[in-house]
Amino acid sequence: MTTYNPPIDDINFCIRHLADIDDILKLEPYDGIEVADLEQVIDESAKFACDVIAPTNVPGDQQGCAVEGNTVRVPSEFADVHRQFVETGWQAVGGSAEFDGMGLPAITAFATNEMVQTANISYSLLPMLTSDAVEAMEAHASDELKASYLSRIVTGQWAATMNLTEAQAGSDLAAITTRAVRDGDQFRIFGTKIFITWGDHELSENIIHLVLARIEGAPEGVRGISMFLVPKFLLTPDGEPGERNDVRASSVEHKLGIHGSPTCVMQFGDKDGAIGYLVGEENRGLAAMFTMMNHARMGVGLQGLAVSERALQHASAYALDRVQGRVPGLEGRAPIIHHADVRRMLMLMRSQIEAMRALSYSAAAQTDISLHGADAETRAAADRRLSLLTPIVKGWCTETSEQVTSLGIQIHGGMGFVEETGAAQFYRDARILTIYEGTSGIQAADFAGRKVTADEGRELSLLLGELREYFAGVNNETMKGIVAGVLAGLDQLESGREWLLDNALSDPTAPGTSSFNFMMLAGTVLGGAYLAKAAAIATSDDSSEDEAFGKEKLATAAFYASHVLPRGHGYLSAMTADPAITMAIPAESFQA
Ligand SMILES: Cc1cc2nc3c(=O)[nH]c(=O)nc-3n(C[C@H](O)[C@H](O)[C@H](O)COP(=O)(O)OP(=O)(O)OC[C@H]3O[C@@H](n4cnc5c(N)ncnc54)[C@H](O)[C@@H]3O)c2cc1C
């Protein structure tokens with residue numbers, strides 16, 4: 001059984017200094033809330049995550065899920081966990097007070113979500129998708145739908161799902177064929193969705209599916225897609241779950257990882273059609289669904305950090321315990337943590353995890369400002385920053401989690417490759433993160449295309465300028481080498497930006513051959529920059545941080561600057577290589 005020790009010090013540090021919580025608490029909805037209140041919530045959530053959720057991670061993986069009769073069976077421990085999760089209010093942390101949420105800043109929910117995800121990724125997808133649906137409903141649903149459904153989704157009494165994917169429509173949502181037939185004020189939905197996370201189960205009284213479908217006669221492509229709310233149980237006149245709607249899970253997938261999360265094939269309209277209600281405007285469903293998807297993309301990026309943290313804790317415990325070989329200066333045979341190469345692996349894991357946390361919390365802080373900033377320009381600026389960083393958090397943190405969880409196995413040696421130690425589960429669970437919620441290729445295309453090229457690189461330039469200005473003011477002697485590494489990285493990112501703007505429109509293959517490396521360059525450099533900022537703050541003369549915390553942060557940032565930031569050269573070099581090199585071998589030559 002693996003334990004989990006939530007890294008509360010680092011989480012609180014990121015909230016205080018990188019998410020600038022004092023500024024967030026000045027926003028109007030948070031009037032009267034103190035930092036200490038948030039830290040208490042985070043403390044309690046940490047206890048729940050490690051005492052209640054974490055012990056279910058291995059049994060959940062072993063039991064998996066299956067369709068049984070008219071429903072889906074999920075790991076037996078999850079029912080009690082979810083009941084407690086909802087009853088103690090954890091689902092409602094970030095929900096607005098108007099709909100029975102706790103009304104706390106979104107960054108608080110980000111922190112509590114990190115700990116839930118680290119404790120058990122498979123389970124965490126249930127509350128994650130439920131809160132993602134809240135975002136979409138708040139932004140796009142009619143007052144009537146909000147009144148009937150929203151409070152009970154915010155509190156977690158009812159769960160929610162996201163139904164986009166069909167067999168022929170994965171990355172390409174323009175190919176969606178699920179039909180919506182008008183029936184008075186409502187619609188009847190017919191179609192099959194695949195890969196629907198937590199599509200069915202009995203942990204909640206009702207499941208609210210948000211479904212993309214085409215109203216009959218709608219235009220082809222993405223401009224003809226609408227979003228519908230389809231409840232598992234239709235509501236009675238007094239608003240309670242009543243008759244079962246015409247929607248069911250016909251099977252669950254057998255997967256490489258996240259075995260505790262039921263990934264369902266959903267049948268809508270086997271009989272007379274599943275009754276659905278339009279959310280937002282007709283034919284504007286993809287835009288509405290993007291509200292949910294953007295929230296989910298930040299959540300999946302956070303999963304990359306979360307599973308990496310658990311893998312590190314697991315590997316550290318093993319490295320302290322496993323005795324093998326001798327080390328100069330130590331008597332007898334040594335625990336492997338004393339071997340410098342094992343330390344290198346642990347530091348690679350730890351420094352990248354702290355960089356992921358530094359970057360993702362800095363990005364997530366923009367959510368509160370984009371929603372509640374004092375004026376329209378402040379809100380729009382925060383929204384632009386969040387939009388720029390979202391594909392990097394999703395793409396880079398999840399790609400990095402595959403390397404970090406793989407290192408976790410390596411530290412276990414052969415025992416990492418057998419299931420009994422549990423190291424393999426983190427690697428298997430991490431493998432989905434670069435695929436769902438838009439593959440890394442799609443994140444990279446979004447970053448390079450919509451977020452940089454379409455914006456003529458303005459927002460990225462603004463960010464680079466702000467970071468350069470910040471580091472120009474860091475004169476602390478111990479930070480010198482780290483700052484030099486970060487500034488070199490920012491220059492590389494600037495060069496990547498310029499290359500993209502010069503080549504994106506003139507060569508149609510250039511965005512495709514360069515965007516993944518550009519996204520990885522951006523993540524590597526920005527993760528390093530925010531980690532370095534954390535080190536500068538934690539070691540500044542007026543820092544109130546614990547001295548040991550400051551020293552370790554500095555050591556982690558120095559390791560990252562010397563071992564990880566140099567990868568920026570490689571990413572930039574691959575990014576700016578002639579696109580023709582990638583396309584040189586014709587498609588038909590790949591035939592076996
Ligand atoms: C465990 C699991 C849970 C999931 N949960 C949900 C869920 O809850 N709801 C839901 O709706 N869906 C869900 N999905 C579906 C998931 O979002 C899709 O699998 C994903 O978007 C990729 O689509 P695809 O599998 O059809 O792959 P494809 O779209 O066929 O992609 C295959 C490869 O081609 C690349 N590619 C495709 N198009 C492009 C392009 N235009 N440019 C560059 N590269 C491209 C991709 O990057 C990828 O490498 C889930 C999937 C899994 C496996």
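Counting starts at 1 for both ligands and their atoms, following the listed order.
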Practice task
Check the pair Phe195, Tyr436 against ring-ring contact (aromatic ring centres under 6.0 Å, His included), reporting the backbone distance first and the verdict last.
Solution key: CA-CA 9 Å; Phe195 292 148; Tyr436 63 22; over 10 Å; no

Practice task
Could you give me the CA-CA distance, side-chain angles and deciding distance for Phe187 and Phe228, then say whether ring-ring contact (aromatic ring centres under 6.0 Å, His included) is met?
Solution key: CA-CA 8 Å; Phe187 289 82; Phe228 299 89; 5.0 Å; yes

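The option with the heavy atom closest to atom 39 (C) of ligand 1, from among Ile442, Leu210, Thr161, Ile258, is Ile442. For the residues Ser261, Gly512, Gly441, Ser171, the heavy atom positioned nearest atom 23 (O) of ligand 1 is part of Ser171.
Using a cut-off of 4.0 Å between Lys/Arg side-chain N and Asp/Glu carboxylate O, Asp429 and Arg310 are scored as not salt-bridged. Arg497 has no carboxylate O lying under 4.0 Å from a charged side-chain N of Glu456, or vice versa, which leaves the two without a salt bridge.
Asn245 places no side-chain N or O within donor-acceptor distance of the main-chain N or O of Phe233, the cut-off being under 3.5 Å.
Shown here, atom 35 (C) of ligand 1 is out of close reach of the protein: none of its heavy atoms lies under 4.0 Å off. Closer than 4.0 Å to atom 9 (N) of ligand 1 lies at least one heavy atom of the protein. The protein reaches atom 47 (O) of ligand 1 closely, with a heavy atom under 4.0 angstrom from it.
Only the backbone of Glu437 comes within 4.0 Å of ligand 1, judged by heavy-atom distances. Contacts with ligand 1 closer than 4.0 Å are made by side-chain heavy atoms of Thr263 only, the backbone lying farther away.
Atom numbering of ligand 1 starts at 1 in the shown order; those under 4.0 Å from a heavy atom of Thr197 are 3 (C), 4 (C), 5 (N), 6 (C), 7 (C), 8 (O). Atoms of ligand 1 lying under 4.0 Å from at least one heavy atom of Met162, given by number and element, are 7 (C), 8 (O), 9 (N), 10 (C), 11 (O). Counting the atoms of ligand 1 from 1 in the order shown, those under 4.0 Å from a heavy atom of Lys255 are 1 (C).
The protein heavy-atom contact nearest to atom 53 (C) of ligand 1 is Ile432 CD1, 3.3 Å. Nearest protein neighbour of atom 26 (O) of ligand 1, counting heavy atoms only, is Gly170 CA, 3.1 Å. Looking from atom 13 (C) of ligand 1 to the surrounding protein, the closest heavy atom is Phe195 O, 3.0 Å. With respect to atom 20 (C) of ligand 1, the closest heavy atom belonging to the protein is Ile435 O, 3.6 Å.
Residues Asn113 and Gln117 bring no donor and acceptor atom of their side chains to less than 3.5 Å of each other.
Pairs of residues two or more places apart, or lying in two chains, that qualify as salt bridge (Lys or Arg N to Asp or Glu O under 4.0 Å) and include a residue from residues 193-218 are Glu166-Lys193, Arg179-Glu216, Asp200-Lys232, Asp200-Arg244.
Taking any N or O of Thr165, backbone or side chain, at least one lies under 3.5 Å from an N or O belonging to ligand 1. Of the polar atoms of Thr439, at least one N or O is found under 3.5 Å from an N or O of ligand 1, judged by distance alone.
Annotation: Glu281, atom CD; neighbour count of heavy atoms from other residues, nucleotides and ligands within 6.0 Å does not exceed 12.
With rounding to the nearest 0.5 angstrom, the CD1 atom of Ile194 is 11.5 Å from the CG atom of Asn163.
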